[in-house]
Amino acid sequence: MAYTDFWAGFEPSESILTKILEKASGSDIVIVDSKSKGIDIEFRSVFTFHGKVQKALTYGLGQAKKTIWDDYINRAEYGFSLRRKKNAKVVIWYTGENIRFPQGVFDLTLSFDQTDFAATNMYFPVWYLKMDWFKNSDPELGLYDLDSFLSHRDLGSRPHKACAFSSSKESSRMSLYETVESVMALDKYGSGWNRWVENKHEVAQAYGFQVCPENDLYPGYVTEKLFDAYVSGNIPIWRGLDSTNVINQSAILDLSLLSVGESIEKLRGLSEADTIFMRNQPLLRTRPSIQPVIEKITEILSRAI
């Protein structure tokens, strides 16, 4: 198998996607370069522009040539190149970004959009990659135990202050920060603030809350942010749209549909008893499963290989 256009630092041999393919195929997996011949299955992601310079160059060339412009638009909207020829028997498109899945192009798409009737697209949010689904992973990989998000905890009180980890000062994120800061102390970390940390979980344990909004408000677009905050023992202060209804609203402060005034009122109304109660609730309402994805890939492989 091969991986194409995944993010920098992606390790194919350690990915849950590789383990899913092992389960689906019932075979050992050999990972090869995407330009190799005889590839059975290829996972493609959406990081087709390897840097801002390459993206700007493609944009510029596209002004002079329609085929390049069409390719630029396709890569920007769907994350795959029109000019890349199929080099595997089965090609699966996966996005870790809030990008809509392309229809009728790949054998299967895995995205933040809900599973469609024919299961040609299947809901597979990026936080699925953080879970130790098979309970046999190397501890060094830092995967989360799914069961830890399904049971109550026994954590005590924490300081009534918040932390945030961010690489940008995007306007909606800044607005949320200002809302929180009007009620409690907020310490901001990350490259956007020139305050780098080696281990954010260790830093976060000195706080009671963690501000962790999603980058976009789109139904089903739920990333690892909630889970990272929860693992640190914090109450997530969140903005996002959980259309699957899998997140336990009793464990988070969801300000997604509230005005600034309503958000402030909700934050100010928290008692010590409220925060202890919320901190100890399970984050997930129900147990998710990747078995449908495994079965779908098994079906596709049986027809193609």
Side-chain angles (χ1 to χ4, degrees), residues 16 123 125-166 176-177 179-180 183-190 197-214 220-258 263 266-291:
I16 290 297
Y123 184 65
V126 71
W127 64 266
Y128 277 20
L129 297 183
K130 298 276 285 190
M131 298 298 142
D132 187 8
W133 296 97
F134 307 111
K135 294 185 178 295
N136 58 359
S137 299
D138 184 344
E140 293 296 321
L141 298 181
L143 297 178
Y144 295 150
D145 180 2
L146 182 61
D147 291 337
S148 68
F149 300 102
L150 290 159
S151 56
H152 287 77
R153 307 192 289 188
D154 186 20
L155 301 178
S157 61
R158 288 276 190 92
H160 199 80
K161 60 180 181 178
C163 62
F165 301 88
S166 174
L176 180 58
Y177 289 169
T179 299
V180 174
V183 178
M184 68 181 77
L186 171 62
D187 291 334
K188 299 178 281 290
Y189 299 91
V197 296
E198 291 187 8
N199 189 319
K200 71 178 183 180
H201 288 302
E202 291 182 1
V203 173
Q205 289 174 22
Y207 299 86
F209 303 86
Q210 189 164 324
V211 187
C212 51
E214 301 298 351
Y221 181 60
V222 180
T223 67
E224 75 284 0
K225 294 178 175 65
L226 278 173
F227 298 85
D228 289 346
Y230 187 84
V231 166
S232 296
N234 291 325
I235 297 173
I237 300 176
W238 187 66
R239 280 182 179 169
L241 296 176
D242 172 33
S243 59
T244 62
N245 201 27
V246 70
I247 302 298
N248 178 12
Q249 291 290 313
S250 297
I252 68 175
L253 285 164
D254 186 355
L255 308 183
S256 306
L257 304 179
L258 301 184
S263 297
K266 185 169 186 175
L267 292 171
R268 282 182 175 164
L270 291 171
S271 67
E272 179 68 11
D274 291 334
T275 59
I276 292 177
F277 173 81
M278 295 180 69
R279 188 170 293 115
N280 288 298
Q281 295 299 301
L283 182 60
L284 297 178
R285 293 179 62 255
T286 57
R287 179 182 291 275
S289 174
I290 58 171
Q291 189 58 34

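Please read these numbers as outputs of a predicted model, since none were measured by experiment.
- Judged purely by atom type and a 3.5 angstrom limit, Arg279 has no side-chain atom pairing as donor or acceptor with the backbone of Ser157.
- To the nearest 0.5 Å, atoms OG (Ser166) and NZ (Lys188) are separated by 10.0 Å.
- Contact annotation: the side chain of Phe209 never approaches that of Leu267 to less than 4.5 Å [non-hydrogen atoms, C-beta and beyond].
- One N or O on the side chain of Arg285 and one on the backbone of Asn245 form a donor-acceptor pair closer than 3.5 Å.
- Aromatic rings from Tyr128 and Trp133 are positioned such that their centres are separated by under 6.0 Å.
- Between Tyr189 and Tyr207, the two ring planes are perpendicular [angle over 60°; tilted spans 30° to 60°].
- Using a 4.5 Å heavy-atom threshold, the side chains of Met131 and Ile16 count as separate.
- Residues Lys130 and Asp228 meet the side-chain proximity criterion, which asks for heavy atoms closer than 4.5 Å.
- Under the 3.5 Å distance criterion, the side-chain polar atoms of Asp187 are left unmatched by any main-chain donor or acceptor of Cys163.
- The 12-atom threshold is exceeded at CG of Asn199, counting heavy atoms of other residues, nucleotides or ligands nearer than 6.0 Å.
- With a 4.5 Å cut-off on side-chain heavy atoms, Val246 and Thr286 count as touching.
- Considering Val222, Asp242, Leu241 in turn, Val222 is the only one that fulfils the side-chain contact (heavy atoms from CB on, under 4.5 Å) rule with Glu214.
- Residues Tyr230 and Phe149 bring their aromatic ring centres within 6.0 Å.
- Rounding to the nearest 0.5 Å gives a distance of 11.0 Å between CG of Asn248 and CG of Leu226.
- Listed for the Ser256 side chain is a donor-acceptor partner under 3.5 Å among the backbone atoms of Gly240.
- With hydrogens and angles left out, the side-chain atoms of Ser232 and Asn234 include no donor and acceptor closer than 3.5 Å.
- Side-chain contact between Pro288 and Tyr123 is absent, with no heavy-atom pair separated by less than 4.5 Å.
- For the pair Arg268 (side chain) and Val183 (backbone), a donor-acceptor distance under 3.5 Å is absent.
- Comment: Asp147 engages Lys135 in a salt bridge, judged by a side-chain N to carboxylate O separation of less than 4.0 angstrom.
- Looking at heavy atoms from C-beta onward, Met278 lies out of side-chain contact with Ser250 at the 4.5 angstrom threshold.
- No side-chain donor-acceptor contact under 3.5 Å links Arg158 to the backbone of Ile235.
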